[in-house]
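Down below is the structure, laid out as structure tokens.
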Amino acid sequence: MIPHVKNRPLMLQRFPNGIDKEGWVQQEIGKHFPDWIARVTVPKSKGHVTHPMANDKPSLLYLANQACITVHEWMSRVDKIDMPDLMIIDLDPGPSSSFSDVKRAARMTRALLDELSLPSFVKTTGSKGLHLAVPLKRRESFEEVHETASLIGEVLSAREPELVTTEFRKEKRRGRLFLDMHRNQYGQHAVAPYSVRALPGAPVSCPLDWDELSSSTLTAQTFTLKNVPRRLEGDGDPWREIKKRAVSLARARKALAEMG
DNA sequence: GGCACAT
DNA sequence: ATGTGCCAACGCCGG
DNA sequence: CCGGCG
């Protein structure tokens with residue numbers, strides 16, 4: 001988990017009284033957090049926020065001991081905070097979507113990314129859907145990445161209008177899977193790879209190999225606190241090469257413009 | 001979980 | 001000594 | 001302009 005979250009502003013979901021009791025989300029680092037927890041101050045619409053980071057194992061353990069169940073990460077890193085190194089596509093199933101719809105949507109998104117010569121990685125969210133990630137060389141701003149993701153969403157919803165939608169309003173989705181591209185804006189975040197969710201069974205947002213999508217038993221909650229350690233010991237992290245695959249979006253943006 | 005602050 | 005509040009934020013919408 | 005909603 002640490003290589004993935006390292007040097008990213010984090011958002012924490014904490015449940016000191018158990019996941020069946022009230023919890024809260026926390027952006028600002030706690031005043032009592034020890035000074036060996038790295039932090040980063042970023043400008044927000046209203047002033048600035050100092051986020052905690054988890055750059056080493058003791059930091060992650062401290063967060064866990066603070067009843068932080070789920071860690072959400074920014075799409076950029078401290079040394080270039082305005083330039084995301086990830087584009088995230090969130091596949092969020094609607095009430096009338098099955099998980100095989102989610103897998104279909106993931107494959108068709110991957111196919112489009114392939115057409116655009118963009119590398120893609122997939123992970124479970126540990127909740128209901130899947131996340132696709134495109135590693136970036138940090139040549140584009142949040143605005144440009146978000147614009148690109150939105151265009152990708154438009155192409156996909158035009159290709160499969162009965163399966164997916166980019167409609168923000170639930171009432172306009174008609175039960176369809178929501179292609180949420182809004183994670184690619186400044187100040188937004190997504191559940192971090194290998195983070196546990198505050199749900200029964202402790203499901204984990206787990207990086208996958210693409211061929212694992214063909215498993216008929218796979219769901220967003222297949223991987224858990226219980227079974228992920230052994231999985232990592234065995235096969236390692238399916239995303240270990242993600243950084244090396246980073247690309248610029250320049251060509252893809254040109255190609256998308258031509259698709260209309 | 002832990003702190004500031006009120007009672 | 002014990003209790004309570006606090007620990008996010010953002011676009012969109014209607015009032 | 002504000003509060004509630006997603």
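So you know, we letter chains A, B, ... as the sequences are listed, proteins then strands, and number each from 1. Hydrogens, waters and symmetry mates are skipped; everything else that's a heavy atom, side chains included, is used.
To the nearest angstrom, P of B:dG2 lies 10 Å from CZ of A:F33. As rounded to whole Å, 15 Å separates atom P of C:dC7 from atom NE2 of A:H51. Following rounding to the nearest Å, A:R183 (CZ) and C:dG11 (P) show an atom-to-atom distance of 15 Å. One atom, CD of A:E167, and another, C1' of C:dC12, lie 13 Å apart when rounded to the nearest Å. Computed from coordinates, the A:Q188 CD to C:dA8 P distance equals 15 Å when rounded to whole Å. In this structure, A:H189 atom NE2 and C:dA9 atom C1' are separated by 8 Å, rounded to whole Å. Following rounding to the nearest Å, A:M181 (CE) and C:dG11 (P) show an atom-to-atom distance of 19 Å. C:dG11 atom C1' lies 12 Å from atom CZ of A:F178, rounded to whole Å.
Applying the side-chain hydrogen bond (donor to acceptor under 3.5 Å, both in side chains) criterion to A:Q27, with sequence neighbours excluded, gives no partner residue. Among residues two or more places apart in sequence or in another chain, the side-chain contact (heavy atoms from CB on, under 4.5 Å) test is passed with A:K226 by A:T224. Partners of A:S141 under the side-chain contact (heavy atoms from CB on, under 4.5 Å) rule, at least two apart in sequence or in another chain, are A:M83, A:E143, A:E144.
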Compile the donor-acceptor pairs under 3.5 Å between side chains in residues 30-38 of chain A and protein atoms, sequence neighbours left out, one pair per line.
{"residue": "A:H32", "atom": "NE2", "partner": "A:Q66", "partner atom": "OE1", "Å": "3.0"}

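One C1' atom belongs to C:dA8, the other to D:dC5, and the distance between them is 15 Å to the nearest Å. Taking the P atoms as reference points, C:dC6 lies 15 Å from D:dG4, given to the whole Å.
Non-hydrogen atoms lying under 4.0 Å from DNA chain C are contributed by A:W24, A:V25, A:Q26, A:Q27, A:E28, all within residues 15-32 of chain A. A heavy atom lying under 4.0 Å from DNA chain C marks none of the residues of residues 58-84 of chain A.
Residue pairs meeting the salt bridge (charged side-chain N to carboxylate O under 4.0 Å, His left out) criterion with at least one partner in residues 236-246 of chain A, sequence neighbours excluded, are A:E241-A:K244. Listed by first then second residue, pairs satisfying side chain to side chain donor-acceptor pair (under 3.5 Å) with a partner in residues 127-136 of chain A read A:D90-A:H131, A:K123-A:H131, not counting sequence neighbours. Under the ring-ring contact (aromatic ring centres under 6.0 Å, His included) criterion, no residue pair touches residues 80-107 of chain A, with sequence neighbours excluded.
Classification of A:R183 and A:D92 as a salt-bridged pair fails, no side-chain N sitting under 4.0 Å from a carboxylate O.
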Practice task
At under 4.0 Å between heavy atoms, which parts of nucleotides 1-6 of chain D does protein reach? Answer with one letter per nucleotide, 5' to 3': B base, S sugar-phosphate only, - none.
Solution key: -----S
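Residue A:I88 is found in a hydrophobic cluster whose other members, listed by chain and number, are A:V40, A:V42, A:M53, A:W74, A:M75, A:V78, A:I81, A:L86, A:F121, A:F142, A:Y186, A:W239, A:I242; membership requires side-chain heavy atoms under 4.5 Å apart, directly or through intermediates. Cluster note: A:V25 groups with A:M11 through ILVMFWY side-chain heavy atoms spaced under 4.5 Å, whether in direct contact or through intervening members.
A continuous path of Ile, Leu, Val, Met, Phe, Trp and Tyr side chains, each step under 4.5 Å between heavy atoms, connects A:L163 with A:M181, placing both in one hydrophobic cluster.
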